[in-house]
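Just so we're on the same page: letters track the sequence lines, and every chain starts at 1. Quantities reported herein were computed from a predicted structural model and do not represent experimental measurements. As a basis for the values below, the full set of heavy atoms in this structure was taken, side chains included, without hydrogen atoms, waters or symmetry mates.
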There are 2 protein chains.
Amino acid sequence: MLSAIMEDYLKAIYYLQDETDERVRTSTFAEHMDVEQPSVTSMVKKLAERDFVHYEPYKGVVLTDTGIPIALEIIRHHRLLERYLTERLEYDWAEVHDEADRLEHHISSQFADRIAEQLGNPAVDPHGDPIPTADLDVSPPQSGETLADQQVGEKVRIERVPDHDPDLLRYLSEHGITPTTVVEIVETTSFGMVTLDPDGTDERVALPEEVARIITTQTLTGASN
Amino acid sequence: MLSAIMEDYLKAIYYLQDETDERVRTSTFAEHMDVEQPSVTSMVKKLAERDFVHYEPYKGVVLTDTGIPIALEIIRHHRLLERYLTERLEYDWAEVHDEADRLEHHISSQFADRIAEQLGNPAVDPHGDPIPTADLDVSPPQSGETLADQQVGEKVRIERVPDHDPDLLRYLSEHGITPTTVVEIVETTSFGMVTLDPDGTDERVALPEEVARIITTQTLTGASN
DNA sequence: CTATAAACTTAGCCCCATCTAATTTCGCTC
DNA sequence: GAGCGAAATTAGATGGGGCTAAGTTTATAG
């Protein structure tokens with residue numbers, strides 16, 4: 001059996017590996033988990049001993065074939081919970097993350113399967129992230145285009161918004177921006193500001209470019225997730 | 001903040017205190033929690049330091065006014081979860097206990113309140129145990145009569161069945177015995193066997209007296225939970 | 001090719017919750 | 001009220017996960 005903490009490390013490796021596409025370094029890790037570097041080193045050694053990760057001292061860490069399904073299972077739990085909490089228990093888009101972050105380690109896969117069933121086996125969570133299936137398939141990474149890539153005048157559908165910053169989520173939802181909403185880019189500035197017009201409204205929503213860069217989009221050619 | 005384990009100890013004290021109506025002894029405790037006695041002693045000291053229990057060495061332990069609400073909160077979580085799992089997630093009466101036992105420590109009270117709301121703030125869990133309200137009131141202990149107290153020929157309503165033994169629960173539900181069902185006592189023997197006839201059926205269900213003694217009943221005079 | 005800063009690991013400590021073995025206290029019998 | 005067995009406690013160890021401080025290793029600049 002794995003502790004909740006070990007599961008968290010595996011999940012973190014999965015995410016970080018995905019982002020940087022190479023071995024995850026101790027420092028990246030420590031920052032992400034909000035622990036000191038030596039804690040990471042020692043945990044990583046334990047995980048390596050149990051064969052969940054491949055660890056090369058001073059070089060970083062990669063999930064093994066044993067580790068990947070464990071990470072995916074947790075991610076499945078997390079995203080299903082987020083969906084369930086918002087859809088069935090009236091949680092707010094923004095407050096869902098913390099609750100899911102705790103519960104993901106404690107629900108059985110039976111529980112996960114039951115809520116998945118209740119929800120009609122949804123493909124994505126409320127932030128637009130894909131939910132791994134019961135046999136742990138994940139949809140391929142989506143378009144990869146972000147709001148920051150768009151030209152003025154383009155209309156795109158919001159695909160995915162990262163779920164880590166409640167303030168950002170609150171701001172976005174208050175201004176009508178959630179996955180699946182369509183927005184038009186009305187302005188981009190040289191000093192890194194992107195201004196949007198959510199579907200049909202007259203309201204303008206301004207975002208710093210660094211935020212625009214983490215919100216992925218779909219081009220409007222019929223695909224609808 | 002309390003650890004899940006401390007919460008478990010407090011919950012256990014609450015239950016055991018209720019049963020025996022006096023200070024809970026180390027040995028009782030150890031058996032109930034499935035740990036060795038020294039573990040109990042050391043944990044109890046920590047709880048006493050934090051003023052959750054009153055502890056007198058060699059004498060046993062009682063919950064303080066600080067400890068009681070914590071135990072009740074956990075019990076509320078547990079019973080709401082049991083209800084939610086059976087009613088909304090198609091869990092079986094018998095398999096509900098373990099899942100609830102883990103989750104009770106990890107759901108927020110917000111979560112508890114939401115599922116309570118979804119369920120229409122039920123008063124009892126699927127085993128017939130009362131669910132503490134959001135402000136932690138518990139209904140007074142019920143009749144106190146059990147199946148073992150009944151005379152042959154009596155008809156009573158099943159009130160409460162303890163939730164700890166999945167095998168027993170499975171057996172009972174297979175034979176149509178759950179809280180709120182009405183049964184007639186058809187036979188009691190000198191060697192400790194009680195035979196029942198669940199409402200309207202012709203089936204006979206036999207129970208050893210030690211089981212009959214933990215199933216509480218209501219007399220059939222209009223009261224309905 | 002060396003010097004040095006940054007990144008990483010090792011060493012050694014802490015707290016938590018558990019255990020076994022050894023000791024103390026309780027409560028009862030005679 | 002002395003002795004004895006059962007119950008409880010203390011002592012001391014273990015494993016999990018974290019920290020700080022003190023080395024290493026790596027990578028980069030010159």
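Within the 4.0 angstrom heavy-atom criterion, only backbone atoms of the sugar-phosphate kind lie near K45(A); the bases stay farther away. Among the protein residues, F29(A) comes within range of no part of the nucleic acid, since none of its heavy atoms lies under 4.0 Å from any strand.
Chain A approaches DNA chain C within less than 4.0 angstrom (heavy atoms of the protein), and the contacting nucleotides run 5' to 3' from dA7(C) to dT10(C). Heavy-atom contacts of chain B under 4.0 Å fall on DNA chain D between two terminal nucleotides, which in 5' to 3' order are dA7(D) to dT10(D).
Checked options F29(B), Y15(B), F52(B), Y55(B); the residue passing with Y9(B) is F29(B) (criterion: ring-ring contact (aromatic ring centres under 6.0 Å, His included)).
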**Study point:** Check against ring pair (Phe, Tyr, Trp, His ring centres under 6.0 Å), Y91(B) and Y84(B)
**Key:** CA-CA 9 Å; Y91(B) 272 68; Y84(B) 198 80; over 10 Å; no

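Ion pairing between R83(B) and D125(B) fails under the 4.0 Å rule for side-chain N and carboxylate O. Residues E209(A) and R213(A) are paired through a salt bridge, judged by an N-O separation under 4.0 Å between the basic side chain and the carboxylate. By the 4.0 Å N-to-carboxylate-O rule, R170(B) lies too far from E174(B) to be salt-bridged with it.
If you take CD on E104(B) and NE2 on H106(B), they are separated by 8.5 Å, rounding to the nearest 0.5 Å.
Sorted by residue number, the members of residues 33-42 of chain A with any non-hydrogen atom under 4.0 Å from DNA chain C read Q37(A), P38(A), T41(A).
Of the residues near DNA chain D, M43(A) and Y58(A), the one whose nearest nucleotide (by heavy atom distance) lies more toward the 5' end is M43(A).
Put simply, the side chain of E99(A) gets close to the backbone of S108(B): a donor and an acceptor are under 3.5 Å apart.
Using a 3.5 Å distance cut-off with no hydrogens or angles, the side chains of Q118(B) and R114(B) do not pair a donor with an acceptor.
When all heavy atoms are compared, the tightest approach of T188(A) to Q150(A) is CG2-O, 4.4 Å.
Between H97(A) and H78(A), the ring planes are perpendicular. Angles over 60° get that label, and only those under 30° would be called parallel.
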